[in-house]
Amino acid sequence: MFTELNSILNTTPDTFTQGEFVLLSDRQSDASFLIHHFLSLYLRARCKVWFLGLVQSFNHYSAINQRLGVSLTQAKEKGQLVFLEGLNESLSVLIPQKAETGSPAMDFLRDPAVGLKSLYEFVRSSVTGSGAADGAEEWGPPVLLVDDLSVLLSLGVSVGAVLDFSHYCRATVCSELQGNVVMLARCDGDGEEDEEDDEGSERLLKGLTHQCSLLLHVQGLPTGYCRDIHGQVEVCWRRRQADGQYTQKKLFQYKVHDKGASFFAPGTSSAVL
């Protein structure tokens, strides 16, 4: 958990906004450190966390969060963390020789054209059926983390199906249960639009941006490589008001350390209606 980022977002494990859809994105950079930040934040906040890890193993996330002072193994043992390891589950579906059949959540791998209904049903049934049993520890509001949505496109799932999945997850977790959703989506290319590729990462990012209430977009420095600064993060707050949607943007430069990150504000900020 990065305290400087919490200060920028005006949040702590004790005081954070509920019902929020947080979108993390990157372009020619790596926003993975933000996934680890929000994972450690919500575990410290005693939220019940469902993590769909589609690109890395549990051991990968566990090792990094251990350096941030959070034990994912203990969180799993206590029932606070539910981790779907997409890599292992994918092998169970794609390799018939394996004895286990894999989680029904990954059934879309057999036919990506059917969409992500099975994955959403896994989320919905898990989140809505997570009431504390007698004698079990009670947790705070539910949180869904996904790392990362873009990999679904490379598996043959359409952009429309991914956007439907995020929409229904937001409706269930954020609106119905007043929990939070955090999703990572990666952008390919240099930002120039490709009119012929309407099923790519650019279209996915645009659709997710319309759904989210908070966007953190990580990109490299426009001036190129710098030893003391790793890149910049554009933070965009999107709030609906009676007279329309209010959007505020701020730009911060950052450097990731072994146990945290430093953020430096270059003084750029804008607000639009």
Side-chain angles (χ1 to χ4, degrees), residues 18-23 35 38-39 42-43 45-58 61 72-94 98-153 155-158 160-185 207-208 211-213:
Q18 292 183 227
E20 191 165 58
F21 177 19
V22 182
L23 174 61
I35 278 284
F38 282 101
L39 177 58
Y42 289 123
L43 288 177
R46 294 185 56 77
C47 295
K48 182 70 175 283
V49 178
W50 285 262
F51 193 165
L52 306 185
L54 303 178
V55 294
Q56 297 288 355
S57 68
F58 175 80
Y61 299 106
L72 299 192
T73 300
Q74 290 182 5
K76 281 186 66 176
E77 291 173 349
K78 293 188 298 183
Q80 183 185 9
L81 173 65
V82 178
F83 187 85
L84 178 68
E85 191 161 353
L87 295 177
N88 283 343
E89 297 294 346
S90 298
L91 289 176
S92 300
V93 173
L94 296 175
K98 293 181 71 69
E100 61 270 25
T101 58
S103 169
M106 307 300 288
D107 280 350
F108 68 90
L109 290 172
R110 296 186 174 92
D111 183 9
V114 303
L116 299 172
K117 183 179 179 180
S118 60
L119 187 59
Y120 166 70
E121 286 298 329
F122 166 79
V123 172
R124 184 194 61 80
S125 60
S126 299
V127 174
T128 57
S130 62
D134 293 340
E137 198 164 354
E138 293 189 4
W139 306 108
V143 173
L144 171 66
L145 280 80
V146 183
D147 181 20
D148 73 70
L149 283 176
S150 306
V151 74
L152 296 173
L153 300 182
L155 294 173
V157 182
S158 69
V162 178
L163 291 175
D164 286 344
F165 170 73
S166 64
H167 168 76
Y168 285 114
C169 287
R170 178 170 62 96
T172 299
V173 178
C174 299
S175 300
E176 181 181 340
L177 301 175
Q178 284 301 294
N180 288 3
V181 171
V182 181
M183 294 183 173
L184 173 64
L208 292 170
Q211 294 182 14
C212 75
S213 54

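It should be emphasised that the depicted structure is a prediction, and the values quoted were computed from it without experimental measurement. Index from 1, following the sequence.
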Check G115 against A161 and note the closest heavy-atom contact, atom names and distance.
CA-CB, 4.0 Å
At what distance, to the nearest 0.5 angstrom, does CE of M106 lie from CG of L116?
9.5 Å
Take F122 and L52 through the test side-chain contact (heavy atoms from CB on, under 4.5 Å) and record every step on the way to the result.
CA-CA 10 Å; F122 166 79; L52 306 185; 3.9 Å; yes
In chain order, what residues pass the salt bridge (charged side-chain N to carboxylate O under 4.0 Å, His left out) check against E85, with sequence neighbours excluded?
none
Which residues pass the side-chain hydrogen bond (donor to acceptor under 3.5 Å, both in side chains) test with S213, sequence neighbours left out?
none
Is any side-chain heavy atom of Y120 closer than 4.5 Å to one of T172?
yes
Please enumerate all residues that pass side chain to side chain contact (heavy atoms under 4.5 Å, CB included) together with A45, with sequence neighbours excluded.
P13, F16, C47
Which pairs pass salt bridge (Lys or Arg N to Asp or Glu O under 4.0 Å) with one or both residues in residues 140-152, sequence neighbours excluded?
D148-R186
Any non-hydrogen side-chain atom of L23 less than 4.5 Å from a side-chain atom of Q211?
no
CG of L152 to CG of L109, rounded to nearest 0.5 Å, is 8.5 Å
Could you tell me the separation between the CG atom of L119 and the CG atom of D107, rounded to the nearest 0.5 Å?
10.0 Å
Can you tell if the side chain of L39 reaches within under 4.5 Å of the side chain of L72, non-hydrogen atoms only?
yes
Applying side-chain contact (heavy atoms from CB on, under 4.5 Å), run through K78 and W139 and close with a yes or a no.
CA-CA 10 Å; K78 293 188 298 183; W139 306 108; 4.1 Å; yes
Taken to the nearest 0.5 Å, the spacing of L155 CG from F108 CZ works out to 6.0 Å
Please identify each residue that fulfils side chain to side chain contact (heavy atoms under 4.5 Å, CB included) with K117, with sequence neighbours left out.
E121
With sequence neighbours left out, what residues match F51 under ring-ring contact (aromatic ring centres under 6.0 Å, His included)?
Y61, F83
Give every donor-acceptor pair under 3.5 Å between a side-chain atom in residues 176-184 and any protein atom, sequence neighbours left out.
from : atom 1 : to   : atom 2 : distance (Å)
Q178 : NE2    : C174 : O      : 3.1
Q178 : NE2    : S175 : O      : 3.4
N180 : OD1    : G19  : N      : 2.9
N180 : OD1    : E20  : N      : 3.1
N180 : ND2    : T17  : O      : 2.9
N180 : ND2    : Y42  : OH     : 2.9

For Q80, which residues count as a side-chain hydrogen bond (donor to acceptor under 3.5 Å, both in side chains) partner, sequence neighbours excluded?
none
Greater than 12 external heavy atoms within 6.0 Å of Y168's OH:
no
Report the distance from atom SG of C169 to atom CG of L149, rounding to the nearest 0.5 Å.
8.5 Å
When rounded to the nearest 0.5 angstrom, what distance separates OG in S166 from CZ in F21?
5.0 Å
Taking the side chain as every heavy atom from C-beta outward, state whether K48 and V127 have any pair of such atoms under 4.5 Å apart.
no
